[in-house]
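Reviewing the structure listed below.
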Amino acid sequence: MNTYAIRTESLSRRFGAVQAVDKLSFEVPAGTVFGFLGPNGAGKTTTIRLLLGLIELSAGHAEVLGFDTRTHADAIRARCGALLEFNGLYERLSAEDNLDFYGQVWHMPKADRKARIQALLTDMGLWERRKEAVGLWSRGMKQKLAVARTLFHRPELVFLDEPTAGLDPIAAAALRDDLSALASREGVTIFLNTHNLSDAEKLCQRVGVINKGKLLAVGTLDELRAQNEAPRLEVAGNSFGAGVLSDLRSRPEVQNVAEEDGKLVLELRPGVRCAPLIRLLVESGAEVEEARKSQASLEDLFLTLIKEEGNSK
């Protein structure tokens, strides 16, 4: 068994004058959910198409499930599932007929198809509505069925491109929960393209951040925090006067001071102790009700990386 489901080295693709993907080098361990994060137009979908061998590399190298994308694209696609721009469903067919059709495409025996249909539709909460025409369903239900279609032939690796895009918050949360459970139960590797940072934070063991074709960071959330996070001290209370704020801003260990949602938020330099700063606040007349260090969210890290990349130009 391959330790890594995906390995790339200087993966690149140019369309005329546009460098859509620029020297991407990263690895995706087998059996993990990997989030590929970036704004619209960052190069996420192009990367998936390169990894599936649907378009040729301009430069670099990529292996998927141990196969070279240049020479064994058919073998890669036979072992992968993909949910890209379109859900691939036939809306006049019922849910079970849609899945049965795809099972026949994959040359699965009838008994296997029947068992797989029941298992996946049950897991997705769709079994009771299996006889209904898909065209009558909500967008969220269709997207759940599309995920089931993607997993139907038991692929080793699944590519999902913005699976919750356009869903209302309840449908998106339901699909996210289903994906998490299925990833654990099926034991597949999931490559998740998204700009929905909530999805990534809840689902992914590792993430990569891409913008304008360039990979800005890759690792676990804790690793990205260690590399990019400015420690934060949040202080709730009263009497944070101008003099107090001025004293804090003059301290070398404090990078920034702001008031957010009724709290004083201090961005600190790495390794700074918080106790002296809290003592300074109290001695300056502030009423401190609560003080705590907080971890940066994935959204904070993402915005920091995008901002730093923009400032470097």
Side-chain angles (χ1 to χ4, degrees), residues 5-6 8 11 13 15 18 20-21 24 26 28 32-55 64 77 80-89 91 98 102 124 126 134 137-152 155 157-183 186 188-218 221 224 297-299 301-303 305-306:
I6 299 171
T8 74
L11 182 71
R13 173 69 195 201
F15 297 99
V18 178
V21 173
L24 303 188
F26 63 91
V28 178
T32 62
V33 181
F34 180 85
F36 204 46
L37 316 180
N40 291 331
K44 302 187 302 295
T45 300
T46 300
T47 300
I48 282 185
R49 292 184 173 279
L50 289 169
L51 295 174
L52 284 169
L54 296 173
I55 56 177
V64 177
R77 290 192 290 270
C80 291
L83 176 53
L84 304 182
E85 296 96 329
F86 304 104
N87 59 30
L89 301 176
E91 299 208 341
N98 264 279
Y102 278 102
M124 289 288 190
L126 301 174
V134 171
W137 282 8
S138 68
R139 183 180 174 87
M141 291 174 63
K142 290 177 184 177
Q143 199 71 343
K144 284 189 172 190
L145 183 61
V147 171
R149 186 268 299 169
T150 304
L151 291 166
F152 196 76
L157 170 62
V158 172
F159 292 95
L160 301 176
D161 195 3
E162 304 285 2
T164 62
L167 301 185
D168 64 68
I170 294 175
L175 180 57
R176 188 169 56 235
D177 291 343
D178 288 333
L179 284 173
S180 181
L182 285 167
E186 300 274 333
V188 300
T189 305
I190 295 181
F191 189 100
L192 175 68
N193 267 7
T194 186
H195 61 262
N196 187 320
L197 303 181
S198 177
D199 285 353
E201 192 157 22
K202 291 179 173 67
L203 283 171
C204 301
Q205 287 86 53
R206 292 176 65 81
V207 298
V209 180
I210 185 175
N211 190 38
K212 298 179 182 177
K214 293 183 178 293
L215 189 65
L216 306 184
V218 64
L221 187 54
L224 264 59
S297 67
L298 183 55
E299 180 176 4
L301 296 173
F302 176 80
L303 293 175
L305 287 164
I306 297 296

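Residues meeting the side-chain contact (heavy atoms from CB on, under 4.5 Å) test with Leu203, sequence neighbours left out: Val33, Arg176, Leu179, Ser180, Leu192. A search for side chain to side chain donor-acceptor pair (under 3.5 Å) contacts involving Arg139 returns nothing, not counting sequence neighbours. The salt bridge (charged side-chain N to carboxylate O under 4.0 Å, His left out) test applied to Arg206 returns Glu223, not counting sequence neighbours.
Residues Leu83 and Val147 are in side-chain contact: their nearest non-hydrogen atoms beyond the backbone lie under 4.5 Å apart.
With hydrogens and angles ignored, the 3.5 Å screen pairs a side-chain donor or acceptor of Lys44 with a backbone N or O of Gly38. Looking at Arg77, its side chain does come within 3.5 Å of a backbone N or O of Gly53 through a donor-acceptor pair. Listed for the Thr164 side chain is no donor-acceptor partner under 3.5 Å among the backbone atoms of Leu167. Side chain of Lys212 to backbone of Gly41: no donor-acceptor contact under 3.5 angstrom is found.
For Asn193 against Thr45, the heavy-atom pair with the smallest separation is ND2-N, 3.4 Å. Looking at every heavy atom in both residues, Met124 comes nearest to Ala148 through CE-N, 4.1 Å. Contact detail for Lys142 and Glu91: the closest heavy-atom pair is NZ-OE2, 2.9 Å. Shortest non-hydrogen contact noted between Asn87 and Leu89 is OD1-N, 2.9 Å. Nearest heavy atoms, Ala42 versus Asn211: CB-CA, 4.0 Å. Taking all atoms of both residues into account, the shortest heavy-atom contact from Phe34 to Gly208 is CZ-N, 3.6 Å.
Using cut-offs of 30° and 60° on the angle between ring planes, the pair Phe26 and Phe191 is tilted.
Once rounded to the nearest 0.5 Å, the distance linking CG of Leu160 with CD of Gln143 reads 8.5 Å. Atom CG of residue Leu24 and atom CD1 of residue Ile210 lie 5.0 Å apart, to the nearest 0.5 angstrom. Distance check: Leu52 CG to Leu157 CG gives 7.5 Å after rounding to the nearest 0.5 Å. Between Ile190 atom CD1 and Leu151 atom CG the span is 7.0 Å, to the nearest 0.5 Å. Taken from OG1 in Thr46 to CZ in Arg13, the straight-line distance is 8.5 Å, to the nearest 0.5 Å. Going from atom CD of Glu201 over to atom OG1 of Thr194 covers 12.0 Å, rounded to the nearest 0.5 Å.
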Residue pair Trp137, Leu126: steps toward the side chain to side chain contact (heavy atoms under 4.5 Å, CB included) verdict
CA-CA 11 Å; Trp137 282 8; Leu126 301 174; 4.0 Å; yes

Candidate pair Tyr102 and Thr150, rule side chain to side chain contact (heavy atoms under 4.5 Å, CB included), full reasoning
CA-CA 9 Å; Tyr102 278 102; Thr150 304; over 6 Å; no

